[in-house]
There are 2 protein chains.
Amino acid sequence: MSTPAAFAGLAALMGDPARAAMLQALLSGEALTAGELARAAGIGAPAASAHLARLAEGGLVLVHPQGRHRYHRLAGEEVAAAIEMLGGLATAVAPARRWPHGEEFRQARLCYDHLAGRLGVALHGALTGRGWIAPAPGGWQATGAGEAGLAALGVDLTAARRARRFACDCMDWSERRAHLAGGLGREIAACCLRRHWLRRLPPLREGDPLGRRRLALTPEGARQLDAALGVRLAA
Amino acid sequence: MSTPAAFAGLAALMGDPARAAMLQALLSGEALTAGELARAAGIGAPAASAHLARLAEGGLVLVHPQGRHRYHRLAGEEVAAAIEMLGGLATAVAPARRWPHGEEFRQARLCYDHLAGRLGVALHGALTGRGWIAPAPGGWQATGAGEAGLAALGVDLTAARRARRFACDCMDWSERRAHLAGGLGREIAACCLRRHWLRRLPPLREGDPLGRRRLALTPEGARQLDAALGVRLAA
DNA sequence: TGGTCGCTTCGGTCCGGGGCGAAGCGTCGC
DNA sequence: GCGACGCTTCGCCCCGGACCGAAGCGACCA
């Protein structure tokens, strides 16, 4: 099929260390400039420009020129899901001794536009366990209880439904379990940030490709999520 | 983390056309000899040997020496799932005009040890829709009705439970939806083949990397799956 | 309207690694 | 036990592509 060649081309696109670092940095969901991505990848501007052109031509990133900056972001949720899953396989297959980013990174982080880490999989488990979401063709749908409960939390279900997929699974890289993606995943993350239940942490090091994804649960957030959903993360 | 480097290494491993063709061929779930894989990749024996050594060292394939042959198979279900998902992204991102393997390939095929294609996603939908399986931490569990129904079909649930994961989702490459993997997915596929509800089709061309995955539903299989689960594929 | 800045293009270098032929080695079959 | 076979190792060539410095181009600022 077109696939052996297309597959190899896509994998090769991800298979360069510099491009991989760029994609990892873009998993924060932000749109980053070519310069920021060059710093994240640890290469010069000309090399970064060439890499970004290839990523864009390959359909993995979208370019957004704005003044003298060129902003880049991942082309979509499926791209993010594939990167996250490949990262999971990499840690599964390689020794993967320690996590330079500490436990915080496994605890809570962004995966494109939704929540990942222990918090992400705990939320997924709580939503399914309490029957707030139920299996539907191609993903999940909200039940009656779920609509009420999510609305009470402040999740914008109307916005969530506007997404191409309302709710679907995304393989969690560190936990090797599914967390929730799709419009609902995005709106839950947005709600948690808007209500200051989660806050973004600054990168540990300047130019760290993964630093932009770091999140921390606030005391208020821990309280609210426990009360509403029984989500309780081990300290 | 270890990830930018490990991630890139893993992706680069998949990013060579010859290695990609080998991995695709191994998605049939069979263990293939180095020579068969060389033919599937369209390269000579020395090159194939080097590629397979790298795939094995990277943890993607396991080697099984047997006499003067060396059999290779995918290292596990997660490897298969990642390959399948990356293939899906490749078709999503590239034009992906026509399917040289025809509609049969989208209809039913093997994905490692379980069923994929329209049949695979239809089975997934039927099992969830009828409440035979229900969400559980890390995947799915069988309900009471599911245990009875599956046993009546002839699915070996005891064997299914011996797997590391009983049932989990695997992104379907052509349908862009989840189908069922894990021990249950494997046993369902085995049951369908054992009872001649499905039969393996010969490769269209000699040395076709994807040919080994082709399946066809028999009339008896269509009847049985419709009666038991309401699974009916459009002709 | 210069000057600075962000990014791209061009030119050139260099290295990794993918390919093959030939040879070596262990296994199977007559 | 000898040849055939499957696979690996070795030696070699060669090409793609990753990188940088320098230059070019457009956008913002004073």
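Numbers restart at 1 for each chain; the letters A, B, ... are given by sequence-line order, proteins then strands.
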Handout entry: Ionic contact status for A:Asp169 with A:Arg177, cut-off 4.0 Å
Key = no

Exercise for the section: May I ask you to decide whether A:Glu36 forms a salt bridge with A:Arg212, counting only side-chain N to carboxylate O separations under 4.0 Å? Expected result: yes

Problem - Atom-to-atom span, CD1 of B:Ile43 to C1' of C:dG17 - whole angstrom - result: 13 Å

Practice task
Ignoring backbone atoms, establish whether B:His69 has a side-chain N or O less than 4.0 Å from OP1 or OP2 of C:dC28.
Solution key: no

Exercise for the section: Return the minimal non-hydrogen interatomic distance between A:Arg213 and A:Leu27, and the atom names on each side. Expected result: NH1-CD1, 3.2 Å

Problem - Whole-Å gap separating C1' (D:dC7) and CZ (B:Arg54) - result: 19 Å

Exercise for the section: Find which nucleotide of DNA chain D each of A:Gly44 and B:Leu52 is nearest to by heavy atoms, and output the residue with the more 5' nucleotide. Expected result: B:Leu52

Exercise for the section: Would you kindly give the CG-to-P distance between A:Leu13 and D:dG16, to the nearest whole Å? Expected result: 17 Å

Practice task
Take atom NE2 of A:His64 and atom C1' of C:dC7, then tell me their distance rounded to the nearest Å.
Solution key: 17 Å

Problem - For the student: nearest non-hydrogen atoms of A:Gly58 and A:Leu13, plus distance - result: CA-CD2, 3.8 Å

Completion exercise
Among the nucleotides D:dC19, C:dT8, C:dG18, whichever has the atom closest to the side chain of B:Arg19 is C:dG18

Exercise for the section: Compare the minimum distances between each of D:dA18, C:dG21, C:dT8 and the side chain of A:Ser49, then state the nucleotide with the smallest one. Expected result: C:dT8

Handout entry: Any B:Thr33 side-chain nitrogen or oxygen under 4.0 Å from OP1 or OP2 of D:dG6
Key = no

Fill in the blank from the handout: Whichever of A:Ala45 and B:Ala47 has the more 5' nearest nucleotide on DNA chain D, that residue is B:Ala47

Practice task
Measure from CD on B:Glu57 to P on D:dT8 and round the result to the nearest Å.
Solution key: 15 Å

Handout entry: Rounded interatomic separation in angstrom, taking NE2 from B:His51 and C1' from C:dG16
Key = 13 Å

Problem - Electrostatic pair A:Glu175-A:Arg106, nearest N-O below 4.0 angstrom - result: yes

Fill in the blank from the handout: Between OH of A:Tyr71 and P of D:dA27 the distance, given in whole Å, is 16 Å

Problem - Sugar-phosphate, base or nothing in reach of B:Ala34, heavy atoms under 4.0 Å - result: sugar-phosphate

Practice task
May I ask you to verify whether the side chain of B:Arg68 and the base of D:dC7 hold a donor-acceptor pair under 3.5 Å?
Solution key: no

Practice task
Ignoring backbone atoms, establish whether B:Arg70 has a side-chain N or O less than 4.0 Å from OP1 or OP2 of D:dT8.
Solution key: yes

Exercise for the section: Please report, rounded to the nearest Å, how far the P atom of D:dG17 is from the CG atom of B:Asp16. Expected result: 11 Å

Problem - Residue B:Pro46, side-chain atoms from C-beta onward, closest of C:dT8, C:dG19, C:dC20 - result: C:dC20

